[in-house]
Amino acid sequence: MKLMFASDIHGSLPATERVLALFAQSDARWLVILGDVLNHGPRNALPEGYAPAEVAKRLNEQADRIIAVRGNCDSEVDQMLLTFPIMAPWQQVLIADRRLFLTHGHLFGADKQPALSPGDILIYGHTHLPVAEKRDRIYHFNPGSVSIPKGGNDASYGMLDNNVLRVIALNDQRVIAEIAINP
């Protein structure tokens, strides 16, 4: 199963349009959104092309192919604009012999992990920093931010394809980080 990951959209229409165009080209089955969908939050500057209502409209066109979790900037008002659920703080997806634990990163993340089995994958956003690595028998994956990258990184998204997790630069498709998931 091929999955695409986007995190920390923060209401950026250009980032949303780019993500949706790449999703359409990717053959990914699902677009997994890791929170902070419409609101930029009080600690962030307004992202380029801030248009949360239009972002909601565009994402709603793909609602049947989106799995999402709630970020720290998402609210019930945001949910009123979206036709796919975003209020769950985490989701768990089972693939083959492992679990994907999907979360935004403010409740569970690198510093506060949920109970996971060896080989499971913790997938989160929140920090706006790309990560693809294995720590203590758990895979950690953060696709970075599509709209407000931090740490000198480019805007980025993630892909899971053929047992490889990749963080990919949004604009030039350069692989920023990757890790193979061992069977």
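Along the sequence shown, residues carry numbers from 1. This structure is a prediction, so every number in the text was calculated from the model and none was measured.
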For [X], side chain to side chain contact (heavy atoms under 4.5 Å, CB included) partners two or more places apart:
X: Leu13; result: Glu17, Ala51, Glu54, Val55, Arg58
X: Ala63; result: Thr83, Phe84
X: Asp161; result: Lys2
X: Met80; result: none

Beyond-backbone contact of [X] with [Y], side-chain heavy atoms, under 4.5 angstrom:
X: Leu22; Y: Leu170; result: yes
X: Asn153; Y: Leu129; result: yes
X: Ser147; Y: His10; result: yes
X: Ile176; Y: Ile168; result: no
X: Leu3; Y: Met1; result: yes
X: Leu82; Y: Leu38; result: yes
X: Ile66; Y: Ile33; result: yes
X: Asp74; Y: Asn39; result: no

Straight-line distance of [X] [atom1] to [Y] [atom2], nearest 0.5 Å:
X: Ser7; Y: Ile123; atom1: OG; atom2: CD1; answer: 11.0 Å
X: Gln92; Y: Ile121; atom1: CD; atom2: CD1; answer: 12.5 Å
X: Thr103; Y: Lys112; atom1: OG1; atom2: NZ; answer: 10.0 Å
X: Leu100; Y: Leu165; atom1: CG; atom2: CG; answer: 8.0 Å

Looking at [X], I'd like to know if its [atom1] atom is crowded, meaning that more than 12 non-hydrogen atoms belonging to other residues, nucleotides or ligands lie closer than 6.0 Å.
X: Asp172; atom1: CG; result: yes
X: Lys57; atom1: NZ; result: no
X: Glu76; atom1: CD; result: no
X: Glu133; atom1: CD; result: yes

### Query
Going by side-chain heavy atoms closer than 4.5 Å, which hydrophobic residues are tied to Tyr50, directly or by a chain of links?
Leu46
### Query
Linking Ile, Leu, Val, Met, Phe, Trp and Tyr by side-chain heavy atoms under 4.5 Å, what else ends up with Leu122?
Trp90, Phe101, Leu107, Phe108, Leu116, Tyr124, Val131, Ile138
### Task
Give a yes-or-no answer on whether the side chains of Thr127 and Asn142 include a donor-acceptor pair shorter than 3.5 Å.
yes
Considering all heavy atoms, the nearest [X]-[Y] contact:
X: Arg99; Y: Leu94; answer: CB-CD2, 4.0 Å
X: Ala28; Y: Met159; answer: CB-CE, 4.2 Å
X: Ala110; Y: Gln113; answer: O-CG, 4.0 Å
X: Gly41; Y: Cys73; answer: CA-SG, 3.6 Å
X: Arg98; Y: Tyr139; answer: NH1-CE1, 3.7 Å

### Query
Looking at Ile148, Asp8, Asn44, Ile9, which one forms a side chain to side chain contact (heavy atoms under 4.5 Å, CB included) with Asp36?
Asp8
### Summary
Of Leu160, Leu34, Val167, the one forming a side chain to side chain contact (heavy atoms under 4.5 Å, CB included) with Phe141 is Val167
### Message
Please confirm whether the ring centroid of His126 lies under 6.0 Å from the ring centroid of His104.
### Response
yes
